[in-house]
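Notes to accompany the following structure.
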Amino acid sequence: TKATEFTFTVEFDGPYTIAYHLRRPHTAKSLGVREGFPVPDESSEPRDLRRRHFESSRIASSGTPLAARRPVLSNADVVLSVAKPTERDTAYFSNGDADDLVFVFEGKGTLRSSFGDVPFAKNDYVYVPRGTIHRFEIDPAVKQHWLVMECKGGVGLPKQWRNAVGQLRMDAPFCHRDFVRPDFHGPTDEGLREVIVKRGERFHGYRYDESPLDLVGWDGSVYPWAFAILKFQPRVGLVPLPPTWHGTFAARGALVCRF
């Protein structure tokens, strides 16, 4: 038989991060899924257009941060959910469908991932990039109330605040120092081996023989962070300014504003 030689070229266009694992990261074994959150059914029959008032305060508090999500609004770009977790995550989660952006109305805790720990508190945004293995460490005695934005086209900073090479402009309403980066401390073993992955609007369970938080280092511009909304410096004028002036984060099909 004649051997055939193939050449593959992979190009990175846009922001990325290179992660250095202690072990091979793809040795997990498949297993059943024991928890997840409801996924909106986009195939349902269309309903009449009506003005609606969603009383999110009536949504019950229960479950882990993963299982506590309750979708309220959704389309092809964004799913908005309310979460009021009362328990710590007992498995890691990786959202392969979207970036997650969480606004903390009430509560505090730590986002733990392969990149390190990111503490968060009331009035913080917490960002988790697509595909990041993570969990939320919370105190069950502290009341939690979150708005979770599942952004299927990614999350970034609005282009009007960035220059041609991507840096924040001098007149942007926030600066690089306002974003809290992960406190990286190398491989971590919490005794947890299960990872729940969301991909294709379905949940899949995997089990590792060793801790999946095994990074010995990483470098790049894609990583979890927290941002306190009170760091945002809004524009003001004699007349109300349009929403773009209040744009805090941008996603495909959506603009996250702070008023």
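From a predicted model like this one, the values you see are computed outputs, not experimental measurements.
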Please step through side chain to side chain contact (heavy atoms under 4.5 Å, CB included) for the pair E194 and I196, ending with a clear verdict.
CA-CA 7 Å; E194 186 177 349; I196 298 172; 4.1 Å; yes

Quick check: do P85 and S61 have side-chain heavy atoms less than 4.5 Å from each other?
no

Within the 4.5 Å heavy-atom criterion, are T244 and P158 side-chain neighbours or not?
no

In the structure I gave you, are the side-chain heavy atoms of K198 and V39 within less than 4.5 Å of one another anywhere?
yes

Between the side chains of K152 and E201, is the shortest nitrogen-to-carboxylate-oxygen separation below 4.0 Å, so that they form an ion pair?
yes

Keeping the roles fixed (side chain from R162, backbone from A172), state whether a donor-acceptor pair exists under 3.5 Å.
no

Donor-acceptor contact present, side-chain D214 to main-chain S211, <3.5 Å
no

Sub-3.5 Å donor-acceptor pair from the side chain of K84 to the main-chain atoms of S57, do we have one?
yes

Shared hydrophobic cluster, I229 / L80 (ILVMFWY, side-chain heavy atoms < 4.5 Å):
yes

Enter the distance from T248:OG1 to K231:NZ here, rounded to the nearest 0.5 Å.
15.0 Å

Within the distance-only criterion (no hydrogens, no angle test), does the side chain of D189 pair as donor or acceptor with the backbone N or O of G191 below 3.5 angstrom?
yes

Is the backbone of V197 close enough, under 3.5 Å, to the side chain of S94 for a donor and an acceptor to pair up by distance?
no

With a cut-off of 6.0 Å (strictly less than), are more than 12 heavy atoms of other residues, nucleotides or ligands near CZ of R177?
no

Consider only side-chain heavy atoms of I, L, V, M, F, W and Y, link residues closer than 4.5 Å, and tell whether V82 and V78 are in one cluster.
yes

Let's go through T64 and F136 carefully: what are the C-alpha distance in whole Å and the side-chain angles of both, what is the deciding distance for side chain to side chain contact (heavy atoms under 4.5 Å, CB included) to 0.1 Å, and is it a yes or a no?
CA-CA 9 Å; T64 66; F136 285 92; over 6 Å; no

Distance col, row F37:CZ vs N95:CG, nearest 0.5 angstrom, shows 5.5 Å

Using the rule that two of Ile, Leu, Val, Met, Phe, Trp, Tyr join whenever any of their side-chain heavy atoms come within less than 4.5 Å, decide whether V148 and F93 are in one cluster.
no

Would F103 and F105 satisfy ring-ring contact (aromatic ring centres under 6.0 Å, His included), going step by step from the backbone distance to the final call?
CA-CA 6 Å; F103 182 74; F105 285 108; 5.0 Å; yes

How close do A226 and P119 get, heavy atom to heavy atom, and via which atoms?
CB-O, 3.8 Å

Which atom names give the shortest non-hydrogen contact between V142 and G107, and what distance separates them?
CG1-CA, 4.1 Å

Between R130 and D97 (side chain of the first, backbone of the second, donor and acceptor by atom type, cut-off under 3.5 Å), is there such a pair?
yes

Backbone N/O of F174 and side chain of W161: donor-acceptor pair under 3.5 Å:
no

Could you grab the distance from atom NE2 of H204 to atom CZ of R202, nearest 0.5 Å is fine?
5.0 Å

Can you list the steps and then say if H134 with Y92 is a ring-ring contact (aromatic ring centres under 6.0 Å, His included)?
CA-CA 5 Å; H134 69 281; Y92 297 111; 8.7 Å; no

Start with the C-alpha gap between E210 and T27, add the side-chain angles, then the distance that decides, and say whether side chain to side chain contact (heavy atoms under 4.5 Å, CB included) holds.
CA-CA 10 Å; E210 306 287 345; T27 56; over 6 Å; no

Checking E137 side chain against R112 main chain: does a donor-acceptor pair fall under 3.5 Å?
no

Once you round to the nearest 0.5 Å, how far does CZ of R135 lie from CG of L192?
5.5 Å

Partner of F179 under ring-ring contact (aromatic ring centres under 6.0 Å, His included), chosen from Y127, F232, Y125, W225
W225

Under 3.5 Å, is there a donor-acceptor pair between the side chain of T86 and the main chain of G63?
yes

Same cluster or not: L147 versus V104, using hydrophobic residues (I, L, V, M, F, W, Y) connected whenever any side-chain heavy atoms lie under 4.5 Å apart?
no

Residues S56, H145; criterion side chain to side chain contact (heavy atoms under 4.5 Å, CB included); working and verdict:
CA-CA 10 Å; S56 62; H145 183 180; 4.2 Å; yes

Is the closest side-chain heavy-atom distance between E150 and S81 below 4.5 Å?
no

Under 3.5 Å: donor-acceptor pair, side chain of S74, backbone of V79:
no

Basic-acidic side-chain contact under 4.0 Å: R69, D100:
yes

Looking at R52, I'd like to know if its CZ atom is crowded, meaning that more than 12 non-hydrogen atoms belonging to other residues, nucleotides or ligands lie closer than 6.0 Å.
yes

For L241 and G237, the nearest pair of non-hydrogen atoms, with its separation, is CD1-N, 4.3 Å

Pairwise distance CG(D99) to CZ(R252) - rounded to 0.5 angstrom:
10.5 Å

Is the F120 ring parallel, tilted or perpendicular to the W146 ring (thresholds 30°, 60°)?
perpendicular

Do the side chains of L66 and Y206 join up, straight or via other hydrophobic residues, at under 4.5 Å, putting them in one cluster?
no

Can you classify the ring geometry of F227 versus F249 as parallel (below 30°), tilted (30 to 60°) or perpendicular (above 60°)?
perpendicular

How many angstroms lie between OH in Y223 and OG1 in T132, if you round to the nearest 0.5 Å?
12.5 Å

May I ask you to decide whether K108 forms a salt bridge with D124, counting only side-chain N to carboxylate O separations under 4.0 Å?
no

